[in-house]
2 protein chains.
Amino acid sequence: MADEGFSDKNLTEGLVDPGQQARWFNRVREAHQAETAEDYVELIADLIEAQGEARVVDLANRFGVSHATVNKVIVRLNREGLVSNQPYRSLFLTETGKDLARRCKERHRVVLDFLLALGISPATAEADAEGVEHHVSEETLTAFRNFIARNR
Amino acid sequence: MADEGFSDKNLTEGLVDPGQQARWFNRVREAHQAETAEDYVELIADLIEAQGEARVVDLANRFGVSHATVNKVIVRLNREGLVSNQPYRSLFLTETGKDLARRCKERHRVVLDFLLALGISPATAEADAEGVEHHVSEETLTAFRNFIARNR
DNA sequence: AACAAAGTTTAGCCTTGGCAACAATTTGAA
DNA sequence: TTCAAATTGTTGCCAAGGCTAAACTTTGTT
């Protein structure tokens with residue numbers, strides 16, 4: 001049944017190396033792991049900057065999830081050393097968390113500005129940037145920056 | 001404690017509307033839901049085209065996960081009407097599945113070509129495209145196509 | 001035909017991130 | 001001060017997608 005008419009098992013025209021492809025998908029899975037953490041620290045930093053503090057209820061509102069979900073994630077981020085908080089008090093970022101937030105905001109900025117420079121409407125650019133930002137490499141980010149500079 | 005020195009609760013400078021932001025994040029979550037299905041039908045279509053058939057073991061190799069994981073996902077895709085298969089036999093796509101695969105491959109092509117046209121190295125372009133493709137809107141895709149055409 | 005190898009399925013476990021419902025604490029207003 | 005409202009935390013549920021180990025089927029060789 002296998003190879004249906006082919007005698008050469010290595011005849012996999014049009015397909016890349018399996019190991020290579022596996023590494024790509026692995027990278028995407030790792031990005032997904034980090035995504036929640038990145039979104040949370042980024043929003044916490046924004047809220048602290050804009051409102052003086054970040055509360056569970058704010059995060060729940062802005063993410064569009066229940067406060068129970070937010071709380072569960074916060075427990076994890078605390079365990080991982082990104083967030084530091086006391087029971088029933090507002091949320092703070094550790095130094096590591098602040099660092100991550102800074103890098104994420106910068107990356108978000110670049111992706112958003114790039115899409116805008118490309119002529120995408122602001123609403124769509126924001127929506128797309130939110131999903132895309134977690135999956136762009138440094139190399140691509142640099143190319144985005146160059147494009148923005150050229151098209152200013 | 002709230003608003004720390006602010007008297008106006010609506011003074012949320014620098015932050016977008018919470019409902020708007022919630023919609024963005026919701027869109028990303030929905031994209032994640034669809035991502036696995038899209039990756040699977042795309043790869044199944046590729047394997048059928050290149051090798052005549054798609055088997056669980058091939059998917060496991062190329063995704064870099066165990067065959068048990070692949071099987072579990074296949075059960076779900078079957079339940080959702082994208083994949084049709086008999087026990088211990090190779091995998092097939094339903095018409096719906098073929099349709100989805102076609103659209104995904106086209107989108108992948110556009111994102112990849114766009115990154116290449118931007119000057120990204122092939123290896124990075126492939127890796128980034130794999131993550132980015134699930135998060136680009138039709139509007140952005142159109143802009144990508146235009147850019148590719150202009151820079152051909 | 002029999003058997004070993006390869007491939008597939010099943011079972012059981014884990015983590016993440018959803019939810020609702022209920023418990024606990026803090027805050028603000030009478 | 002007291003008490004209700006708002007906020008936060010806890011518990012228990014679910015689905016998805018990871019894994020290993022073990023059972024089952026198919027395939028190919030001897």
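Numbered from 1 within each chain, the chains take letters A, B, ... in sequence-line order.
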Visitor: Answer yes if L112(A) and L141(A) sit in the same cluster of Ile, Leu, Val, Met, Phe, Trp and Tyr residues linked by side chain heavy atoms under 4.5 Å apart, and no otherwise.
Guide: no
Visitor: Take atom CZ of R55(B) and atom P of dT8(C), then tell me their distance rounded to the nearest Å.
Guide: 6 Å
Visitor: Could you say whether T69(B) or V57(A) is positioned toward the 5' end of DNA chain D, judged by the nucleotide with the nearest heavy atom to each?
Guide: V57(A)
Visitor: In this structure, how many angstroms lie between the C1' atom of dT16(C) and the CZ atom of R29(A), rounded?
Guide: 15 Å
Visitor: Heavy atoms from C-beta onward define the side chain here; which of dC19(C), dG9(D), dT8(C) lies closest to that of N71(B)?
Guide: dT8(C)
Visitor: Taking CG from N85(A) and P from dT7(D), how many angstroms apart are they, rounded to a whole number?
Guide: 17 Å
Visitor: Between V56(A) and R76(B), who's closer to the 5' end of DNA chain D by nearest nucleotide?
Guide: V56(A)
Visitor: Do H108(A) and H134(A) have ring centroids that are under 6.0 Å from one another?
Guide: no
Visitor: Report the distance from atom NE2 of H32(A) to atom C1' of dT15(C), rounded to the nearest whole Å.
Guide: 16 Å
Visitor: Under the criterion of centre distance below 5.5 Å and interplanar angle below 30°, is H67(A) classified as stacked on the base of dT8(D)?
Guide: yes
Visitor: To the side chain of E80(A), which of dT16(C), dA16(D), dT10(C) is closest?
Guide: dT16(C)
Visitor: Within this structure, what is the OH-to-P distance between Y88(B) and dT10(C), rounded to whole angstrom?
Guide: 7 Å
Visitor: Looking at E30(B) and R27(B), is any side-chain nitrogen of the basic one under 4.0 Å from a carboxylate oxygen of the acidic one?
Guide: no
Visitor: Taking 4.0 angstrom as the limit, do K105(B) and E133(B) come out as a salt bridge?
Guide: no
Visitor: Quick one, R55(B) and H67(B) - any side-chain contact, counting heavy atoms below 4.5 Å?
Guide: no
Visitor: From the list dG9(D), dG18(D), dT27(C), which nucleotide is the closest neighbour of the side chain of R89(A)?
Guide: dT27(C)
Visitor: How many Å lie between CG on L47(A) and P on dT7(D), as a whole number?
Guide: 14 Å
Visitor: Roughly, in whole Å, what's the span from NZ in K72(A) to P in dA20(C)?
Guide: 13 Å
Visitor: Does dG18(D) have OP1 or OP2 sitting under 4.0 Å from an N or O in the side chain of S66(B)?
Guide: no
Visitor: Whole angstrom is fine here: how far is it from CG in L91(A) over to P in dT8(D)?
Guide: 8 Å
Visitor: Map P87(B) and V73(A) onto DNA chain C by nearest heavy atom, then report which one ends up closer to the 5' terminus.
Guide: P87(B)
